[in-house]
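The structure under discussion is supplied below as structure tokens; questions concerning it will follow.
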Amino acid sequence: MFATRFAPSPTGRLHKGHAFSALTARQAASEAGGRFVLRIEDIDPTRCKPAFEDGIYEDLQWLGLDWEHSVRRQSDHLDDYAGAVEDLRQRGLVYRCFRTRKEFLDTIGHAPHGAAEAVRPGPHPQDEEAELLRAGRPFAWRLSLDAARDTLGGAAWDSLSFFEEGQGPQGENGRIKARPETAGDVVLARKDAGAAYHLAAVHDDALQGMTHIIRGVDLFEATHIQRLIQSLFGWPEPIYRHHRLLTGPDGRRYAKRDGSVTLQALREDGMTARDLRAEIGF
Ligand code: GLU
């Protein structure tokens with residue numbers, strides 16, 4: 001059965017871009033006579049706030065959306081993600097990384113944001129790791145792309161792909177080759193949270209039976225590494241439908257930092273949900 005989701009992170013109030021994304025996914029589920037799930041992706045303890053989660057329900061209700069009764073809040077399920085990382089650890093697919101962000105920046109010479117994420121530092125030498133563990137230093141778990149390739153085998157690695165029903169940033173659609181190497185040895189469990197976005201999201205997509213991932217094109221690149229994680233666990237492959245990002249009158253995409261366009265602010269200014277829906281094409 002067709003199933004899709006809206007999976008916001010409660011790091012601020014929702015804006016028009018979120019409304020567009022949620023309505024796009026909701027409409028697709030309705031058209032297909034399928035399921036629509038709301039998931040709260042709140043594993044980042046520094047940026048997520050309960051008040052913003054309340055704001056999500058308030059704004060989506062105001063928009064006239066409905067969703068399946070049970071809402072999964074990721075921070076309630078950290079054990080699930082830890083269990084998945086442990087599974088990978090037993091299979092030699094992850095390694096501990098004690099390096100700090102500053103250490104990375106120092107070694108790569110202040111690479112721009114993004115490039116700094118696509119690193120493949122490799123495991124620490126054994127004696128160094130033992131010492132860091134003894135000293136109680138916090139560590140992240142990183143996926144080893146080399147180990148992942150060995151586990152899958154070259155042929156499966158080379159044929160890893162996804163099906164795009166929407167469009168990537170360069171208009172990509174149809175069957176697309178996955179290039180997980182673009183993400184580097186991605187962090188699957190953060191130092192501070194014990195979980196991280198890619199793993200938690202694909203874990204939940206599988207658990208919740210999501211057949212279609214409908215989300216903004218800003219997450220298109222994330223699909224490459226997410227497909228690899230799915231295949232390492234033998235989780236089913238969903239179909240992807242990345243949608244365009246809504247832009248404001250100045251041609252720039254809406255972003256959380258621009259407080260003026262939150263749905264809450266629009267509502268307080270007297271905009272009705274009907275007006276907003278019409279403005280963004282629903
Ligand atoms: N939680 C992510 C965000 O708010 C969305 C994740 C996804 O749709 O895969 O950007």
Side-chain angles (χ1 to χ4, degrees), residues 3-29 35-50 52-57 59-60 65 67-68 71-78 81 84 113-114 117 162-169 178 180 183 186-188 190 193 195-230 235-246 253-258 261-263:
T4 193
R5 81 304 196 271
F6 178 55
S9 299
T11 56
R13 292 297 299 230
L14 301 185
H15 50 65
K16 283 185 192 175
H18 292 113
F20 180 75
S21 196
L23 287 162
T24 301
R26 181 70 190 96
Q27 180 167 296
R35 299 169 51 211
F36 178 66
V37 160
L38 172 64
R39 185 165 77 219
I40 304 294
E41 300 207 325
D42 63 342
I43 50 179
D44 182 338
T46 55
R47 295 173 60 224
C48 295
K49 304 259 177 318
F52 293 140
E53 182 183 336
D54 294 342
I56 290 171
Y57 303 127
D59 293 341
L60 296 183
L65 278 163
W67 52 88
E68 273 185 11
V71 172
R72 184 171 170 93
R73 181 194 291 122
Q74 290 189 327
S75 62
D76 292 338
H77 300 281
L78 296 178
Y81 315 125
H113 183 76
E117 308 293 341
F162 58 96
F163 195 79
E164 175 63 58
E165 284 187 351
Q167 269 193 2
V186 78
V187 170
L188 295 186
R190 293 161 47 130
Y197 161 62
H198 294 297
L199 178 64
V202 295
H203 173 279
D204 289 354
D205 287 336
L207 181 78
Q208 298 184 291
M210 295 297 107
T211 61
H212 287 70
I213 306 302
I214 300 174
R215 60 185 179 188
V217 69
D218 53 330
L219 287 162
F220 180 81
E221 300 301 335
T223 312
H224 295 283
I225 192 71
Q226 294 184 357
R227 280 293 298 125
L228 174 61
I229 299 169
Q230 285 158 355
W235 291 334
E237 175 190 346
I239 289 169
Y240 292 85
R241 209 181 276 178
H242 289 93
H243 61 70
R244 70 187 175 89
L245 300 180
L246 214 58
R253 55 182 271 212
Y254 292 107
K256 278 181 180 157
R257 60 184 175 275
D258 187 359
V261 293
T262 66
L263 302 183

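When a ligand or atom number is given, it counts from 1 through the structure's own listing order.
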query: Between L219 and ligand 1, which part of the residue brings a heavy atom under 4.0 Å of the ligand: side chain, backbone, both or neither?
result: side chain

task: Check each of A200, S9, A201, P10 against atom 4 (O) of ligand 1 and report the one with the nearest heavy atom.
output: S9

field: Any side-chain donor near an acceptor of the partner, Q74 and Y197, under 3.5 Å
entry: no

field: Sub-4.0 Å heavy-atom contact, R5 with ligand 1
entry: yes

message: If I compare all heavy atoms of R39 with all of P8, which pair ends up nearest, and what's the gap?
response: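 Distance-wise, the nearest heavy atoms are O-CD, 3.2 Å.
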
- prompt: What atoms in ligand 1 come closer than 4.0 Å to a heavy atom of E41?
  reply: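 The atoms of ligand 1 under 4.0 Å from a heavy atom of E41 are 1 (N), 2 (C), 5 (C), 6 (C).
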
- prompt: Would you say Q226 and ligand 1 have an N/O pair spaced under 3.5 Å apart?
  reply: no

- request: Go through the structure and list residues passing salt bridge (Lys or Arg N to Asp or Glu O under 4.0 Å) with R215, not counting sequence neighbours.
  value: none

statement: The closest protein heavy-atom partner of atom 5 (C) of ligand 1 is A7 O, 3.3 Å

- prompt: Using the ring of each side chain (for Trp, its six-membered ring), is H242 parallel, tilted or perpendicular to Y240, with breaks at 30° and 60°?
  reply: parallel

- request: For the pair D218 and R253, evaluate salt bridge (Lys or Arg N to Asp or Glu O under 4.0 Å) and give the outcome as yes or no after the intermediate values.
  value: CA-CA 10 Å; D218 53 330; R253 55 182 271 212; 3.6 Å; yes

message: Could you check whether any heavy atom of Y197 sits closer than 4.0 Å to an atom of ligand 1, since that is the contact criterion I want to use?
response: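 True for this residue.
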
- line: For A25 and T4 the tightest heavy-atom approach is O-CG2, 3.5 Å

